[in-house]
Number of protein chains: 2
Amino acid sequence: MKILIVGGNGKIGKKVSAHFSKKHEVIIAGRNSGDVSVDMADSASIKAMFESLGKVDAVVCAAGEAKWADFSSMTEDDFYIGLKSKLMGQVNLVRIGKDYLNPGGSFTLSTGILADHPVALTTSAAMVNGGIHSFVKAVCLELTNSIRINAVSSGLVEDAVEIYEDYFPGHNPIPMKKVVNGFVKGVLGHSTGEIIRIYDNC
Amino acid sequence: MKILIVGGNGKIGKKVSAHFSKKHEVIIAGRNSGDVSVDMADSASIKAMFESLGKVDAVVCAAGEAKWADFSSMTEDDFYIGLKSKLMGQVNLVRIGKDYLNPGGSFTLSTGILADHPVALTTSAAMVNGGIHSFVKAVCLELTNSIRINAVSSGLVEDAVEIYEDYFPGHNPIPMKKVVNGFVKGVLGHSTGEIIRIYDNC
């Protein structure tokens with residue numbers, strides 16, 4: 001299987017890439033590293049990436065950003081960082097990428113626990129994740145050629161505990177192996193329109 | 001209580017306005033009608049509306065649009081119609097309006113069943129509704145002065161059946177009285193961060 005992993009060198013992406021590389025052909029896309037360059041916030045860049053690759057069997061997204069800040073300090077433009085990158089970046093991956101997927105292929109997007117259980121400072125990040133959840137449930141009704149789409153929504157991952165634990169009081173870290181399995185379920189499973197939730201104490 | 005109802009002359013808004021007018025001072029805001037003019041997609045217009053009104057006790061939003069179309073025909077700009085209007089319009093109502101709410105005041109936003117149970121043609125509308133659900137759950141953690149925020153998410157409403165029933169196969173119409181009660185719960189109840197779901201057979 002030829003699997004494109006956008007953000008495949010990131011904290012989660014590199015574990016996902018390492019796993020799939022054992023048995024599949026993995027192409028890593030990233031803003032500053034990887035096999036092919038892509039800027040998630042720029043649909044022309046997404047189009048150029050797919051043009052350079054030709055057909056693939058699966059698209060995994062482990063990329064996309066959103067601003068974290070006090071709601072009272074968030075400007076309208078601050079919200080647009082997440083809307084352009086993690087939200088519309090993933091919508092554009094599907095919108096453009098569907099024409100580059102082989103029949104029976106799949107998209108596995110990334111969201112996160114904030115969609116369902118936000119913490120302080122995450123009005124934008126939560127909103128973006130929740131938007132993608134509903135998008136996945138809607139777009140699965142319309143994709144053709146047996147193309148599937150799911151999203152992996154994980155809690156605070158083990159490899160990010162050091163940086164983020166103060167923002168997630170009482171959250172049990174999710175082992176990387178479980179996060180990777182979320183993406184395995186998306187790519188090798190048969191469901192569509194599923195939000196693959198990997199939460200611990202909620 | 002002084003209640004601002006954005007979209008108070010719309011299909012749902014007029015029933016909500018009629019109800020609250022019996023016992024409260026209602027100010028209707030609309031793009032082309034009402035007591036005060038506002039363009040939901042323009043934050044400067046939202047700011048000007050609040051400046052003209054002074055402090056209010058409750059803000060109800062029954063406005064905001066998103067494009068319905070086949071996913072395969074949706075352009076990036078088509079998605080931005082909903083992102084600018086129903087999504088960021090409501091975020092901006094809260095972002096700007098929080099400074100014009102009396103202590104203990106409330107926001108009651110509008111989403112819809114598509115967030116949880118989308119139908120075909122609604123990739124954008126579903127996404128916007130889902131985004132607002134998560135935004136409400138996130139922002140309630142940060143609002144000060146005992147300001148509450150909730151969202152009313154209704155199924156296909158009785159008054160819209162004639163136009164939309166073909167898009168919602170098998171959906172039981174929601175009586176307008178129940179929809180109005182969703183907004184009553186938001187404005188006069190005591191919860192915050194709640195998605196007030198008014199669905200029938202799902």
Side-chain angles (χ1 to χ4, degrees), chain A residues 42-44 46-47 68-80 82-84 87-92 94-96 98-99 111-144 149 153 193 195, chain B residues 42-44 46-47 68-80 82-84 87-92 94-96 98-99 111-144 149 153 193 195:
Chain A
D42 176 2
S43 57
I46 291 173
K47 174 83 177 167
W68 283 45
D70 278 319
F71 178 63
S72 60
S73 74
M74 288 282 288
T75 64
E76 186 170 16
D77 286 346
D78 288 337
F79 277 95
Y80 274 98
L83 294 183
K84 287 179 182 162
L87 186 74
M88 282 305 296
Q90 294 198 93
V91 168
N92 283 330
V94 179
R95 204 175 56 77
I96 296 163
K98 69 183 190 315
D99 299 328
T111 55
I113 192 170
L114 300 172
D116 298 308
H117 306 285
V119 296
L121 312 184
T122 65
T123 48
S124 172
M127 181 171 89
V128 162
N129 288 343
I132 291 291
H133 284 187
S134 296
F135 169 75
V136 163
K137 289 158 96 172
V139 77
C140 76
L141 307 174
E142 297 192 51
L143 290 173
T144 55
I149 183 165
S153 183
I195 311 306
Chain B
D42 176 2
S43 57
I46 291 174
K47 174 83 177 167
W68 283 44
D70 278 318
F71 178 63
S72 61
S73 74
M74 288 281 288
T75 65
E76 185 170 17
D77 286 346
D78 288 337
F79 277 95
Y80 274 98
L83 294 183
K84 287 180 182 162
L87 186 74
M88 283 305 295
Q90 295 198 92
V91 168
N92 283 329
V94 179
R95 205 175 55 77
I96 296 163
K98 69 184 191 314
D99 300 327
T111 55
I113 191 171
L114 299 173
D116 299 308
H117 306 284
V119 296
L121 312 185
T122 66
T123 47
S124 172
M127 182 172 88
V128 162
N129 288 343
I132 290 291
H133 284 187
S134 297
F135 169 75
V136 163
K137 289 158 96 172
V139 78
C140 76
L141 307 174
E142 297 193 51
L143 289 173
T144 55
I149 184 165
S153 184
I195 311 306

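Source: prediction; values computed, not measured. Throughout, a chain's letter reflects where its sequence line sits, starting with A, and its residues are numbered from 1.
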*What part of A:Glu142 gets closer than 4.5 Å to chain B, counting heavy atoms only: side chain, backbone, both or neither?*
side chain
_Within a 6.0 Å radius of atom NZ on B:Lys98, are there more than 12 heavy atoms belonging to other residues, nucleotides or ligands?_
yes
*Quick one: pull up CZ in B:Phe135 and CG in A:Leu114 and give me the separation to the nearest 0.5 Å.*
14.0 Å
*Top contributor to chain A contacts, counting heavy-atom pairs under 4.5 Å, from B:Val136, B:Val128, B:Leu87, B:Leu143*: B:Leu87
*Between A:Gly130 and B:Ser134, which heavy-atom pair has the shortest distance, and what is it?*
CA-OG, 3.2 Å
*Can you sort out the partners of B:Lys47 under side-chain hydrogen bond (donor to acceptor under 3.5 Å, both in side chains), two or more places apart, ordered by chain and number?*
B:Tyr100
*Which atom names give the shortest non-hydrogen contact between A:Leu83 and B:Tyr80, and what distance separates them?*
O-OH, 4.2 Å
_Just so I understand: if I count every heavy-atom pair under 4.5 Å between each of A:Asp70, A:Leu121, A:Thr144 and chain B, which residue has the most?_
A:Leu121
*Could you list the residues that satisfy side chain to side chain contact (heavy atoms under 4.5 Å, CB included) with A:Asp99, not counting sequence neighbours?*
none
*Which atom names give the shortest non-hydrogen contact between B:Asn92 and A:Glu76, and what distance separates them?*
ND2-OE2, 3.0 Å
*Counting only heavy atoms closer than 4.5 Å, note whether A:Ser72 contacts chain B via side chain, backbone, both or neither.*
both
*Nearest heavy-atom pair of B:Leu141 and A:Pro118: which atoms, and what distance?*
CD1-O, 3.4 Å
*asked:* Heavy-atom pairs under 4.5 Å with chain A: which of B:Arg95, B:Met74, B:Met88, B:His133 has the most?
replied: B:Arg95
*Enter the distance from B:Lys137:NZ to A:Met127:CE here, rounded to the nearest 0.5 Å.*
15.0 Å
*Heavy-atom distances under 4.5 Å only: say whether A:Val94 touches chain B with side chain, backbone, both or neither.*
both
